[in-house]
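Reviewing the structure listed below.
In what follows, every chain begins at residue 1, and chains take the letters A, B, ... in the order their sequences are listed. Just the heavy atoms: all of them, side chains too, but no hydrogens, waters or symmetry mates, feed the values below.
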Amino acid sequence: MTPLRLLYVALLMVLVMVAVPVWAEYADVVLNRNAEANGMRPVIYPHWFHRIRFRCKVCHSELGFEMRVGSNNINMGEILDGKYCGMCHNGDVAWSTEFCDRCHSGLPGLATGIRGASKSSGPGDY
Amino acid sequence: MSGVILRIVCLLLFLSVGSAGAADKWLPLAKDGLHDPNNPGIHELQQPKDALSTLPEDTAGNLVSWVEALRKGVIVPRTNIMPDTKIQVLDLDLIYSKTGDSWYVRFPHKAHTEWLDCTNCHEKLFKTKFGATGIKMLDILSGHYCGQCHGAVAFPLTECRRCHSVNPDTFTGKIGPQPVGGKP
């Protein structure tokens with residue numbers, strides 16, 4: 001991205017953020033690649049809640065979550081098989097997957113992405 | 001030229017975050033624009049205010065100093081869930097001098113490895129050899145290198161001085177890896 005283009009994007013961002021305040025808690029993640037297509041609310045993943053209880057490395061090293069929204073193609077089958085979220089959400093480390101509404105808690109129509117901050121998903125998407 | 005533009009960008013980012021954060025400190029989940037207030041499960045979730053208001057304060061991001069919360073033992077997040085995982089904390093500061101007309105950057109490995117595993121950054125984001133990566137601020141602002149976390153989950157890029165913390169006019173030490181505990 002050229003410096004001038006970045007300036008333009010930053011200006012645009014100011015206008016957008018003045019008009020539409022960001023409400024979400026910093027670093028909340030919306031996961032909606034598969035959820036709504038399968039009749040469930042989008043998933044809201046709160047980084048703040050998990051960070052109080054686990055260091056980043058537990059999910060991003062041991063569990064194998066890539067540190068980029070959209071780069072982990074998680075589906076419910078894998079979670080039920082004990083992968084990704086299912087490493088902890090199994091009724092042992094954390095509450096089990098029977099509590100659908102606790103994760104599938106987002107407003108309909110939300111797009112996958114990280115909120116309360118930049119999208120941080122690559123050039124031009126800041 | 002690009003230095004001036006970068007400063008303007010930083011100022012604009014600061015202004016935009018300031019205007020966005022003015023409304024409330026931590027909103028209830030039902031009013032955060034993400035959670036569905038009609039979801040029956042919403043009442044079972046912890047509210048951000050209940051958890052975050054008890055932690056050391058900060059002025060950006062979640063308005064919590066996560067590093068301070070960890071070091072003071074206010075929070076005790078688990079380091080691993082698998083018994084054989086090796087936990088490594090590295091106490092090694094690096095000083096970068098190729099910062100244009102900005103102050104030098106001091107990078108503390110300790111604060112990072114208290115949270116992250118070495119493999120989260122090496123060799124994926126950064127080469128282990130000092131100076132071999134060629135990090136540029138515009139790339140960081142675009143979500144690469146440091147910007148993969150800072151600006152997304154770690155403190156945002158409005159906080160220039162937290163990284164650009166070393167005054168080149170008064171710094172007399174060596175660039176690169178810094179001595180730990182008096183050793184070279």
(request) Flag yes if Leu157(B) and Val64(B) sit in one hydrophobic cluster, no otherwise; membership is Ile, Leu, Val, Met, Phe, Trp, Tyr, and two members link when side-chain heavy atoms are under 4.5 Å apart. (result) yes
(message) If I measure from the heavy atoms of chain A, does Leu52(B) come under 4.5 Å with its side chain, its backbone, both, or neither?
(response) side chain
(request) Rounded to the nearest 0.5 Å, what's the gap from OG1 on Thr54(B) to CD1 on Ile52(A)? Could you check? (result) 7.0 Å
(request) Report, by ascending residue number, the residues of residues 38-48 of chain B in heavy-atom contact with chain A at a distance under 4.5 Å; give 'none' if the set is empty. (result) Asn38(B), Asn39(B), Pro40(B), Gly41(B), Glu44(B), Leu45(B), Gln46(B), Gln47(B), Pro48(B)
(request) Measure distances from Arg41(A) to the heavy atoms of chain B and classify the residue's part below 4.5 Å as side chain, backbone, both or neither. (result) side chain
(message) So which atom in Tyr26(A) and which in Phe155(B) form the shortest heavy-atom distance, rounded to 0.1 Å?
(response) OH-C, 3.9 Å
(request) With chain B as the partner chain, list the residues of residues 55-66 of chain A whose heavy atoms fall under 4.5 Å from it, by residue number, and write 'none' if nothing qualifies. (result) Arg55(A), Cys56(A), Lys57(A), Val58(A), His60(A), Ser61(A), Glu62(A), Leu63(A), Glu66(A)
(request) Below 4.5 Å from any heavy atom of chain B, which atoms of His104(A) appear? Answer side chain, backbone, both or neither. (result) backbone
(request) Sort Trp26(B) into side chain, backbone, both or neither according to what part of it lies under 4.5 angstrom from a heavy atom of chain A. (result) both
(message) Are Met67(A) and Val153(B) packed together at the side-chain level, in the sense that at least one heavy-atom pair is separated by less than 4.5 angstrom?
(response) no
(request) Check whether Trp95(A) and Met76(A) end up in the same hydrophobic cluster, where Ile, Leu, Val, Met, Phe, Trp and Tyr are linked by side-chain heavy atoms less than 4.5 Å apart. (result) no
(message) I need the Leu34(B) CG to Ile44(A) CD1 distance, nearest 0.5 Å.
(response) 4.5 Å
(message) Starting from Leu31(A), can I reach Met40(A) by hopping between I/L/V/M/F/W/Y residues whose side chains sit under 4.5 Å apart?
(response) no
(message) Could you walk me through whether Asp32(B) and Arg115(A) satisfy the side-chain contact (heavy atoms from CB on, under 4.5 Å) test, starting with their C-alpha distance in whole Å, then the side-chain angles of each, then the deciding distance to 0.1 Å, before giving a yes or no?
(response) CA-CA 11 Å; Asp32(B) 68 358; Arg115(A) 305 301 170 91; over 6 Å; no
(message) Less than 4.5 Å to any heavy atom of chain A: does that hold for the side chain of Val74(B), its backbone, both, or neither?
(response) neither
(request) Measure Ala60(B) against the heavy atoms of chain A and call it side chain, backbone, both or neither at under 4.5 Å. (result) neither
(request) Mind ranking Asp36(B), Ile81(B), Thr113(B), Leu70(B) by heavy-atom pairs under 4.5 Å with chain A and telling me who comes out on top? (result) Asp36(B)
(request) Check each atom of Phe49(A) against the heavy atoms of chain B and say whether the ones under 4.5 Å are side chain, backbone, both or neither. (result) side chain
(message) Please output the residues of residues 114-121 of chain B in contact with chain A, using a heavy-atom cutoff of under 4.5 Å, in numerical order.
(response) Glu114(B), Trp115(B), Leu116(B), Asp117(B), Thr119(B), Asn120(B)
(request) Over all heavy atoms of both residues, which pair between Ala152(B) and Ala27(A) is shortest? Give the atoms and the distance, please. (result) O-CB, 3.2 Å
(request) Output the option from Ile87(B), Ile75(B), Thr79(B) having the highest count of non-hydrogen pairs under 4.5 Å with chain A. (result) Thr79(B)
(message) Could you work out, with salt bridge (Lys or Arg N to Asp or Glu O under 4.0 Å) as the rule, every residue matching Arg33(A), not counting sequence neighbours?
(response) none
(request) With a 4.5 Å cut-off on heavy-atom pairs, point out which of Lys31(B), Arg78(B), Lys124(B) contacts chain A the most. (result) Arg78(B)
(message) Are Phe54(A) and Val76(B) connected into the same hydrophobic cluster when the rule is that any two of I, L, V, M, F, W, Y join if their side-chain heavy atoms are below 4.5 Å apart?
(response) no
(message) With clusters defined by side-chain heavy atoms of hydrophobic residues (ILVMFWY) lying less than 4.5 Å apart, directly or transitively, does Val180(B) cluster with Phe107(B)?
(response) yes
